[in-house]
Amino acid sequence: MFTIILGLIGGLGLFLFGMKLMSDGLEKVAGVKMRSILEFFTKTPVRGILVGVLFTAVIQSSSAATVMVVSFVNSGLLNLYQAAGVIMGANIGTTVTTQLISFNLSELAPLIVMAGVIMNMFCKKTDVQRAGEVLLGFGILFMGLTTMSDSMSGLRESPEVVRIMGSLSNHFAALLTGVVVTAVLQSSSATVGIVLLLAQQGLLDIRICLFIILGCNIGACVSALLAGLNGRRDAKRAALIHLLFNIIGTVIMFVFFSVALEPAVHFIERISHMDAGREVANAHSLIKIIEVIMLAPFIKQIVKMTEYLAPRERPDGKKDSELQYIGKNSVFSPATAVLDATREMDRMGKMAVKNLQRAMNVLITLDEEDIDEVYAVENKIDFLNHAITNYLVKINQMTLPTGDKNMIGGLFHVVNDIERIGDHAGNIADAACTRRRIRVEFSEPAKRELCEMLEAVITIATYSLDMFSHNNQEHMQEILDLEDRVDKMERQYQESHIGRLTRGECTASAGMMFSDIISDLERVADHATNIAFSLMEHKYQP
């Protein structure tokens, strides 16, 4: 018996490792493409369901697919209605793994493993290596199944095991078994795979298998719930959509099987030609398809329910100094790591531009409270700079989709440029403090020139952030033209203020301060232009 248990544990380990290897490899290949595919093909719930089916069928894991969808919602790539369709489709797509398991591919497993090893070790192209990783995982998965199947064949000879399995007749107990095992293994496909092998060995009746499969539905929600736990409100709601869908669907199917179990079993046996493995696989697929057909028309109501379970958070002034898209309080996924960093930098950039406007306003009004606010926001920008830089260092050491990996260098430059814009706002606040202390006065022409230059700089910064974060190239030429215009303004206004000094229209202190401020504004325009064009060579299509 001890040898049999060791075989089961070893086989399960190989199965889970193979599934993770295959899922991770496919996720690396599909990560960047999935962003554009999801956005384009999820305009309606039906399209979202089809995308969810195909995507999960490819990466062979509804848990991984749902966690990725939660991360997409956290990043703002998908809204909740789009996510709901994809999540429903993922529940159907995950049954492909069970269908593959039901066909005996174990004899081909060693050849698949060898092909994967050759591609992974001896090919230099990254795409070929990742394809090899997928094949390797696929082969290891089936080798694990073979090991478990061989061990389970020995269990049939144990009277105690046969008695325990035969005593599992309570439907609710079977459902709880599915919930617990799936929650522990973090994979409904693994649990259903084990159930399939037990059924093939004659240790589990299809009637009990149906209720264990229902339990797997709920247990599969654990991964998404954990992923959404620390995420933004919509990420929590996306995870809750997955949970609600599976709980409601499971309750309906539980009642149906309790009332019409024998007709359901007869139908499954007939379409599966009395093959125990095919019966489990087909039952798994049918349950998921029926649940989606029943609940798809009620997507809006399910999304609405999540509003009560995850209510809107109260506004908090401290939020500006906290990370919203990255860090420990957000959902992390390699497929959205760079996208999340971009969102965080966009938020930081808007904060810096607004603070520049505030600093220039303070320069004129000399409002002490506003001066303090400029310095407070500058501290928040410094915090974000360090936090985002640390995050970029961290993800740069990870295996990311190739397109995203190439963008990391540009992102380091962007966060530095944004931080420098914040510094220039601080410089202007310093000038406001000096002006307030020694009572420096600007002439009306000087004020007018500062306002004109600020307007051009703010326009450049706004267009640049839009181009950086949303790849909007509509204003690309305007950015270049405005940057040239700001350079000319800086030279022209330097000459103008020298003229005013010569004519005695302003003091030396005011002239020096004016010169420093327009130099700050000109440098802000340079940094903003850098931001706009920082990722042109490697820009993803979100």
Side-chain angles (χ1 to χ4, degrees), residues 75-76 232 315-330 337-363 365 367-395 407-434 453-454 457-470 486 516-517 519-535:
S75 303
R232 298 166 65 217
D316 185 355
K318 296 181 180 179
K319 288 292 181 182
D320 283 346
S321 60
E322 297 176 358
L323 295 165
Q324 291 188 10
Y325 297 97
I326 62 176
K328 63 180 181 180
N329 292 324
S330 63
V338 167
L339 182 65
D340 292 339
T342 303
R343 293 280 190 270
E344 199 72 67
M345 279 185 271
D346 179 55
R347 188 173 75 91
M348 177 185 172
K350 289 174 181 175
M351 196 183 299
V353 172
K354 186 175 180 181
N355 209 38
L356 179 68
Q357 290 177 297
R358 183 183 293 112
M360 287 295 292
N361 183 62
V362 164
L363 184 70
T365 64
D367 188 300
E368 189 173 355
E369 289 186 7
D370 283 345
I371 291 175
D372 292 339
E373 179 67 14
V374 171
Y375 288 131
V377 173
E378 170 61 13
N379 288 333
K380 295 173 183 178
I381 291 170
D382 287 340
F383 163 77
L384 291 174
N385 173 46
H386 291 298
I388 293 171
T389 300
N390 291 337
Y391 179 80
L392 292 176
V393 170
K394 174 185 171 184
I395 64 173
M407 292 169 61
I408 300 292
L411 293 178
F412 277 112
H413 290 296
V414 171
V415 74
N416 183 62
D417 281 314
I418 294 173
E419 193 271 337
R420 293 298 298 136
I421 291 174
D423 287 345
H424 288 300
N427 292 344
I428 294 170
D430 291 341
C433 289
T434 302
M453 194 167 183
L454 175 65
V457 169
I458 294 299
T459 303
I460 293 175
T462 303
Y463 287 164
S464 294
L465 284 172
D466 188 41
M467 185 169 167
F468 161 70
S469 58
H470 301 108
V486 168
D516 289 340
I517 292 170
S519 294
D520 278 316
L521 291 175
E522 189 275 331
R523 290 184 188 122
V524 169
D526 289 340
H527 289 301
T529 304
N530 291 342
I531 291 169
F533 293 93
S534 59
L535 302 181

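Every heavy atom of this structure was used, including side-chain atoms; hydrogens, water molecules and symmetry mates were not.
- Taken from CD1 in I428 to CG in N361, the straight-line distance is 11.5 Å, to the nearest 0.5 Å.
- Side chains of L384 and R347 form a contact here, defined as non-hydrogen atoms less than 4.5 Å apart.
- To the nearest 0.5 Å, atom CG of residue D370 and atom CG of residue L363 are 12.5 Å apart.
- Looking at heavy atoms from C-beta onward, D382 lies in side-chain contact with E378 at the 4.5 angstrom threshold.
- At a threshold of 4.5 Å between non-hydrogen side-chain atoms, the residues D430 and Y375 count as touching.
- Considering only heavy atoms from C-beta on, L521 comes within 4.5 Å of M360 through its side chain.
- Here the CG atom belonging to L465 is positioned 11.5 Å from the OG1 atom belonging to T342, to the nearest 0.5 angstrom.
- A distance-only check finds a donor-acceptor pair linking the side chain of N390 to the backbone of H386 [under 3.5 Å].
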In a table with atom names and distances, give each donor-acceptor pair under 3.5 Å that connects a side chain of residues 409-425 to protein atoms at least two apart or in another chain.
{"unit_1": "D417", "atom_1": "OD1", "unit_2": "H527", "atom_2": "ND1", "d": "2.8"}
{"unit_1": "R420", "atom_1": "NH1", "unit_2": "D423", "atom_2": "OD2", "d": "2.7"}
{"unit_1": "H424", "atom_1": "ND1", "unit_2": "D520", "atom_2": "OD1", "d": "2.7"}

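- Side chains of R358 and N355: a donor on one and an acceptor on the other come within 3.5 Å.
- How far OH of Y391 is from CG of L323: 10.0 Å, rounded to the nearest 0.5 Å.
- S464 places no side-chain N or O within donor-acceptor distance of the main-chain N or O of A461, the cut-off being under 3.5 Å.
- Under the 3.5 Å distance criterion, the side-chain polar atoms of E344 are matched with a main-chain donor or acceptor of I326.
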